[in-house]
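Read the structure below first, then the notes.
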Amino acid sequence: GAVVSQHPSRVICKSGTSVKIECRSLDFQATTMFWYRQFPKQSLMLMATSNEGSKATYEQGVEKDKFLINHASLTLSTLTVTSAHPEDSSFYICSARGGLVWETQYFGPGTRLLVL
Amino acid sequence: GENVEQHPSTLSVQEGDSAVIKCTYSDSASNYFPWYKQELGKRPQLIIDIRSNVGEKKDQRIAVTLNKTAKHFSLHITETQPEDSAVYFCAAASRGYSTLTFGKGTMLLVSP
């Protein structure tokens with residue numbers, strides 16, 4: 001149980017385009033989803049917290065107009081990187097909370113974004 | 001906000017040895033401490049967690065200890081195996097479990 005999927009797993013795009021990443025909880029209702037960014041050989045940096053039906057809460061330094069988050073249902077959250085630039089290239093991972101153990105976050109497999 | 005320090009950054013052991021990874025946290029209100037294992041290019045996976053009302057928890061070869069007074073917690077892996085090789089992250093949750101703050105990670109290398 002507590003499986004989280006993420007799509008796509010990899011994406012390459014041109015500078016200036018927008019990219020949408022989906023995060024789904026497959027076997028539980030995720031009251032809260034989180035979006036992280038991870039640089040090579042570094043830790044997970046929380047970008048934003050997303051609650052179903054309400055606006056996301058962004059961490060300090062994360063541009064909300066740049067990283068649009070939508071949590072339209074209890075099983076789906078999306079992150080859209082708008083007008084992507086090479087410095088946005090990174091590994092983006094979502095997590096979801098709301099399974100059997102309420103406090104636990106279950107992670108998706110991540111999306112590797114490369115902006116050319 | 002919360003700050004989590006993790007040591008060491010890398011740890012090399014021989015198969016069968018024990019490995020210990022230590023973390024400290026700053027927010028005395030933190031009350032949930034999970035440990036995640038992340039293999040290269042893969043998702044972090046929860047391996048064990050502990051709450052502030054418990055001092056120690058074990059699950060087969062893995063154990064976690066928590067010292068609330070000193071604000072530190074440790075991961076202990078006994079009888080290490082090559083498949084234990086990965087990056088391990090500790091984390092602390094505060095604000096009513098709202099968010100996790102992660103340590104910088106420890107790369108564990110277990111040599112056969």
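Every chain is numbered from 1, with letters handed out A, B, ... down the list of sequences.
Side-chain contact between B:Q45 and A:Y106: absent, with no pair of heavy atoms (C-beta onward) separated by less than 4.5 Å. Between A:T104 and B:Y32 the shortest side-chain heavy-atom distance falls below 4.5 Å. Between B:V87 and A:Q42, every side-chain heavy-atom pair lies at or beyond the 4.5 Å cut-off.
No donor-acceptor pair under 3.5 Å is formed between the side chain of A:R97 and the backbone N or O of B:T99.
Around atom CD of A:E87, more than 12 heavy atoms belonging to other residues, nucleotides or ligands sit under 6.0 Å away. When the shell of 6.0 Å around CG of B:L40 is examined, it contains 12 or fewer heavy atoms from other residues, nucleotides or ligands. No more than 12 heavy atoms of other residues, nucleotides or ligands lie within 6.0 Å of NZ in A:K20, so this atom counts as exposed by the packing criterion. Atom CD of B:Q81 has more than 12 heavy atoms from other residues, nucleotides or ligands within 6.0 Å.
Distance check, rounded to the nearest 0.5 Å: CD of B:Q6 to OG of A:S43 gives 7.5 Å. If you take CZ on A:F107 and CG on B:L46, they are separated by 9.5 Å, rounding to the nearest 0.5 Å. Residue A:L46 holds its CG atom at 8.0 Å from OG1 of B:T101, rounded to the nearest 0.5 Å. To the nearest 0.5 Å, the span separating CD1 on A:I93 from CD on B:Q38 amounts to 5.0 Å. Residue B:R43 holds its CZ atom at 9.5 Å from CZ of A:F91, rounded to the nearest 0.5 Å.
Every residue two or more places apart in sequence or in another chain that forms a side chain to side chain contact (heavy atoms under 4.5 Å, CB included) with A:T75 is listed here: A:S25, A:S73.
Clustering ILVMFWY residues whenever any of their side-chain heavy atoms sit less than 4.5 angstrom apart, transitively, puts B:F33 in the very cluster that holds B:L75. Under the 4.5 Å side-chain heavy-atom criterion for Ile, Leu, Val, Met, Phe, Trp and Tyr, B:I77 and B:I48 are members of the same hydrophobic cluster. Linking Ile, Leu, Val, Met, Phe, Trp and Tyr whenever their side-chain heavy atoms come within less than 4.5 Å leaves B:F73 and B:L100 in two separate clusters. When the side chains of ILVMFWY residues are joined at heavy-atom separations under 4.5 Å, either directly or via intervening members, A:F34 and B:F89 end up in a single hydrophobic cluster.
Within the 4.5 angstrom heavy-atom criterion, no atom of A:T32 approaches chain B. For B:P34, no part lies under 4.5 angstrom from a heavy atom of chain A. Both the backbone and the side chain of B:F102 come within contact range of chain A, judged by heavy atoms closer than 4.5 Å.
For the set A:Q6, A:K41, A:Q38, the count of heavy-atom pairs under 4.5 angstrom toward chain B peaks at A:Q38.
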